[in-house]
2 protein chains.
Amino acid sequence: MNVRSEDLTARARIRDAAVARFGRDGFRAPVRAIAEDAGVSAALVIHHFGSKDALRAECDQHVLTVIREQKSNAIAHASPAETIGMLATVQEYAPLFAYLVRSLLDGGALAGHFVDGLVDDASAYLQAGEEAGTVRPSADPAGRARQVVATQVGLLVMAQLDAAAGHGVAPTESPAEAIVQLYERSMLAGLELYTYGLLTDSRYLDAYQHFRQDKEKP
Amino acid sequence: MNVRSEDLTARARIRDAAVARFGRDGFRAPVRAIAEDAGVSAALVIHHFGSKDALRAECDQHVLTVIREQKSNAIAHASPAETIGMLATVQEYAPLFAYLVRSLLDGGALAGHFVDGLVDDASAYLQAGEEAGTVRPSADPAGRARQVVATQVGLLVMAQLDAAAGHGVAPTESPAEAIVQLYERSMLAGLELYTYGLLTDSRYLDAYQHFRQDKEKP
DNA sequence: GCCACGGCTGAACGCACGTTTAGTGTTATG
DNA sequence: CATAACACTAAACGTGCGTTCAGCCGTGGC
């Protein structure tokens, strides 16, 4: 992504163009458009990858790999302040994220695995945090991990929505921008929520627990 | 939805079939399939609605209307226990939700408005809760509302994913079932999170607030 | 009885798009 | 120099699908 396009092989240029196009327009983007972006013919795309689906599979692989790398970088610096600081670098990888969101929305194979991976990671982090004393214990750790991941996923999707119909602050912002923006606009509230909670007492929680008990033994 | 299909006009039957199909297979579902579901010809679908897009617009309208009605029912009974109990009725409207999720995923016009509506509603509820003393005050009420809605959206999307690639508990569950299931599996953790928070202290929150300050005046 | 009309249909049209084909340089190999 | 191998292309093919066309019922009005 930080290499000039002329330096890349046609194959790589096509792959990058595909990631960008798919991320921006979704997977219905015509092969011909990707080809044009990469400065090649549509036939060459097929020649190199065999089919559009195969091209997409390779994009999946590529995106997953890069993001994994980036994530393992992130866990290296694990102090609160630095983890937060990492967000600034998100901007550079925004096209990858856009692609990822498309994949999520499309419900493709990548999406399922990726979300499962996120949930597993979240589980592990939360468990570690619990042991380190920074995270509260939970009656349902797996559910909590899903909950946390769901918020991430939801923010990504909402960012995509904002980008599609430009009813955000900036009219025709790029999907990439939208992701960064929405994160910035929700980060404070999110941390606040995770720090202090939302409710002042446990009435709702108690009510639900009673509801569950009644349901199991009526 | 609770009327037998023979009793409906062809127009309504087509609309219902379209909602169901679109919800299950996405908006790429062929008009011919919808027509077959409704027991009519493809040409009749166009005859009644003018185009596939117009049909979809009418589905949007229909779904939005029904869900709005249902939601205003829900706010009538506002005690914690009853609000929780309402969830049981979700099952009946699952096809509508499936359609809604598709719309979200597709990034259509409905999606944006719907999410905006959710955020507005959440804002209002949270504000009311705040005044009633059941909800904690926030430094960023709008951001918090988005955060809460993002979690809902994320859960819906994840449910859809689980339904698509049947790697859930039940192998080939319907999308509708998947939504209910995932909600059940995350409700306890969600309430716990909203009641007690996630973190044991405010280190992350403090770090972020410092980060923001540094960014504004470097 | 006849006519107009709206619900309804099967067949055909046309477009968008993935893929195939047949071929043209261009480069490495003997 | 001949030949094979490879990157690459323009044009054609085939298919899926939205939409249009031309016409068939069944019903209500005269």
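Every chain is numbered from 1 and lettered A, B, ... according to where its sequence line falls, protein lines coming before strand lines.
Across the protein-nucleic acid pair, B:Arg13 atom CZ and C:dG7 atom C1' stand 11 Å apart, rounded to whole Å.
Seen from the ring of B:Phe49, B:Arg11 counts as a face-on cation partner, given the 6.0 Å and 45° thresholds. Both the sub-6.0 Å distance and the 45° axial angle are satisfied by B:Arg56 relative to the ring of B:Phe27.
Contact check for B:Arg32 versus B:Val45: no side-chain heavy atoms found under the 4.5 Å cut-off. Residues B:Ile34 and B:Leu55 form a side-chain contact, since some pair of their non-hydrogen atoms from C-beta on lies under 4.5 Å apart. Taking 4.5 Å as the limit, some side-chain heavy atom of B:Leu193 sits within range of a side-chain heavy atom of A:Tyr194.
Close approach of DNA chain D to chain B, defined as any atom under 4.0 Å from a non-hydrogen atom of the protein, starts and stops at D:dC17 to D:dT20.
Side-chain contact of B:Ser138 with A:Glu192: a donor-acceptor pair under 3.5 Å is present, judged by distance alone.
Ion pairing of A:Arg21 with A:Glu36 is absent here, as no side-chain N (NZ or NE/NH1/NH2) approaches a carboxylate O to less than 4.0 Å.
When each of A:Asp116, A:Asp121, A:Val115 is paired with A:Val119, the side chain to side chain contact (heavy atoms under 4.5 Å, CB included) condition holds for A:Val115 and for no other.
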| What one-letter contact string describes nucleotides 11-26 of chain C from 5' to 3', where B marks a base within less than 4.0 Å of any protein heavy atom, S marks contact via sugar-phosphate atoms alone, and - marks no contact? | -B----BBBB------
